[in-house]
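Presented below is the structure to which this report refers.
Numbers restart at 1 for each chain; the letters A, B, ... are given by sequence-line order, proteins then strands.
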Number of protein chains: 2
Amino acid sequence: MDNQDIRKAGLKVTLPRIKILELLENNTQRHVSAEDVYKMLLDKGEEIGLATIYRVLTQFETAGLVTRHNFEGGHAVFELDRGGHHDHMVCMVCGKVEEFIDTTIEKRQREIAKEHGFEMVDHSLIIYGHCGNPKCKVGY
Amino acid sequence: MDNQDIRKAGLKVTLPRIKILELLENNTQRHVSAEDVYKMLLDKGEEIGLATIYRVLTQFETAGLVTRHNFEGGHAVFELDRGGHHDHMVCMVCGKVEEFIDTTIEKRQREIAKEHGFEMVDHSLIIYGHCGNPKCKVGY
DNA sequence: ACTTGCAATGAAAAAGATTCTCATCATCAT
DNA sequence: ATGATGATGAGAATCTTTTTCATTGCAAGT
Ligand SMILES: [Mn+2]
Ligand SMILES: [Mn+2]
Ligand SMILES: [Zn+2]
Ligand SMILES: [Zn+2]
């Protein structure tokens, strides 16, 4: 994942794009909002306008470099497209996100779409619950 | 689904609440946004403030009368809780929504959550694609 | 039916997320 | 190096949803 990926997407290789891509690549939190990216870059001394963050993230999404998720909470989160597709599990208390992939579910989805005359293009499976952290369990 | 359901939720039986519940019950389109509800009621001559629509829908959700979905598009959609849980398939062209339920997927989700130490509270599975309508197929 | 407390409503303002506008600036093919 | 074109930043605008607050209406008790 480097500047060539930006170029291959038909986009000019600019400092904002390089910095945003680097952050998505190196940040410990894989799933970040546009606001998150903005603030994290600010913390690193990179003053990139929020409008640019939104623009670039959308361009990266179109280029297939980044995936956008509509978790609960009223704002989108983005993640760098590494390996391949996967689904998510979100802790309703601490916000922790775990990733998983299940071939049984993936297969059934394709079958179900077909049964309904749909051509599946994409899908979103999110499990909401309480993660393993004791503080996130009910009654804590 | 009647006024008693509103009362049982600990809410006063008011005209806005009755009208919103009636609309959710009788409307052909099961999945509607707050704005949709607002406009549809206006068309019927019921002038209920948009803020009230949002408030009441959220209250109905809390009471378990209504479910909120975060489909793509930047706004939430609501549906009356009839039978039980089900998942959704959304046409990316015409917006048509089909409902389905699959026990294999439901079971695997519970297993996967457990494998990751999560207590599953809820989940959201949405298949995006092109519906059976020829006009919604690629290359039309 | 009459009172009355407290919840509910409408209108407008506010808030939060995202997009758009436009003047200025940077990239890159030539 | 130059110039065409795309990219950026700042702020305005838009869209969705929530909040505020003065007014109204339900419903419990008389
Ligand atoms: Mn992920
Ligand atoms: Mn449904
Ligand atoms: Zn947690
Ligand atoms: Zn369609």
Side-chain angles (χ1 to χ4, degrees), chain A residues 2-23 31-42 44-63 65-79 95, chain B residues 2-23 31-42 44-63 65-79 95:
Chain A
D2 64 347
N3 297 354
Q4 294 316 310
D5 292 297
I6 298 176
R7 195 162 277 130
K8 269 186 274 179
L11 302 168
K12 288 187 178 175
V13 178
T14 64
L15 203 62
R17 287 183 180 140
I18 294 170
K19 291 302 177 185
I20 292 171
L21 198 52
E22 272 179 16
L23 185 134
H31 308 84
V32 290
S33 68
E35 186 83 31
D36 289 339
V37 172
Y38 175 71
K39 286 182 179 157
M40 287 167 161
L41 287 177
L42 258 194
K44 293 180 192 260
E46 308 289 344
E47 300 206 9
I48 298 172
L50 186 52
T52 298
I53 310 272
Y54 274 107
R55 265 187 304 242
V56 170
L57 286 173
T58 300
Q59 291 159 344
F60 283 180
E61 183 194 15
T62 302
L65 296 176
V66 153
T67 300
R68 177 195 308 254
H69 302 291
N70 298 301
F71 294 170
E72 290 180 343
H75 58 271
V77 300
F78 301 82
E79 73 171 311
Chain B
D2 64 346
N3 297 354
Q4 295 316 309
D5 293 295
I6 298 176
R7 195 162 275 129
K8 270 187 273 177
L11 302 168
K12 288 188 177 175
V13 178
T14 64
L15 204 62
R17 288 183 179 138
I18 294 169
K19 292 302 178 188
I20 292 171
L21 198 51
E22 272 180 18
L23 185 133
H31 307 85
V32 292
S33 68
E35 187 82 29
D36 289 339
V37 173
Y38 175 70
K39 287 182 177 154
M40 287 166 161
L41 287 177
L42 259 194
K44 293 179 191 263
E46 308 289 344
E47 301 206 9
I48 298 172
L50 185 53
T52 299
I53 311 271
Y54 274 106
R55 266 187 301 241
V56 170
L57 286 174
T58 301
Q59 291 158 345
F60 283 180
E61 183 193 16
T62 302
L65 297 176
V66 153
T67 300
R68 175 195 309 254
H69 302 291
N70 299 300
F71 294 170
E72 290 180 344
H75 58 272
V77 300
F78 302 82
E79 74 171 312

In degrees rounded to 10°, what angle is found between the helical axes fit to the five outermost pairs at each end of the helix from C:dA1-D:dT30 to C:dT30-D:dA1?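 Rounded value for the end-axis angle: 30°.
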
Over all strands shown, is A:Ala76 touching base, sugar-phosphate only, or nothing at heavy-atom distances under 4.0 angstrom?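 Since only primed, P, OP1 and OP2 atoms lie under 4.0 Å of A:Ala76, the category is sugar-phosphate.
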
May I ask you to say what A:Glu35 touches in the nucleic acid, namely base, sugar-phosphate or nothing, with a heavy-atom cut-off under 4.0 Å?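 Nothing, no heavy atom under 4.0 Å.
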
For [X], what residues pass the side-chain hydrogen bond (donor to acceptor under 3.5 Å, both in side chains) criterion, not counting sequence neighbours?
X	answer
B:Arg68	B:Thr58, B:Glu61
A:Gln59	A:Arg17
B:Ser33	B:Asp36
B:His75	none

Covered region of DNA chain D, 5' end to 3' end, by chain A [heavy atoms, under 4.0 Å]: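 Here the contact window of chain A covers D:dT5 to D:dG11.
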
Rounded to the nearest 0.5 Å, what separation is found between the [atom1] atom of [X] and the [atom2] atom of [Y]?
X	Y	atom1	atom2	value
B:Ile20	B:Leu15	CD1	CG	10.0 Å
B:Leu57	B:Leu21	CG	CG	10.0 Å
A:Glu22	A:Asn3	CD	CG	8.0 Å

Under the salt bridge (Lys or Arg N to Asp or Glu O under 4.0 Å) test, which residues partner B:Lys39, sequence neighbours left out? B:Glu35

In whole angstrom, give the distance that lies between atom CG of A:Asp36 and atom P of C:dA17.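 Rounded to whole Å, this separation is 10 Å.
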
Residue met sooner reading DNA chain D from 5', once A:Arg17 and B:His75 are mapped to nucleotides: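 Going by which nucleotide is closer to the 5' end, it is A:Arg17.
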
For a quick test of your reading: what N or O donor-acceptor pairs under 3.5 Å do the side chains of residues 44-56 of chain A make, sequence neighbours left out?
residue : atom : partner : partner atom : Å
A:Thr52 : OG1  : A:Arg55 : NH2          : 3.2

Letter by letter from the 5' end, nucleotides 19-30 of chain C scores (B base, S sugar-phosphate only, - none; protein heavy atoms under 4.0 Å) BBB-----BS--

Going by the rule ring-ring contact (aromatic ring centres under 6.0 Å, His included), which residues pair with B:Phe71 if we only count those two or more places apart in sequence or in a different chain?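 Expected list: B:His69, B:His88.
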
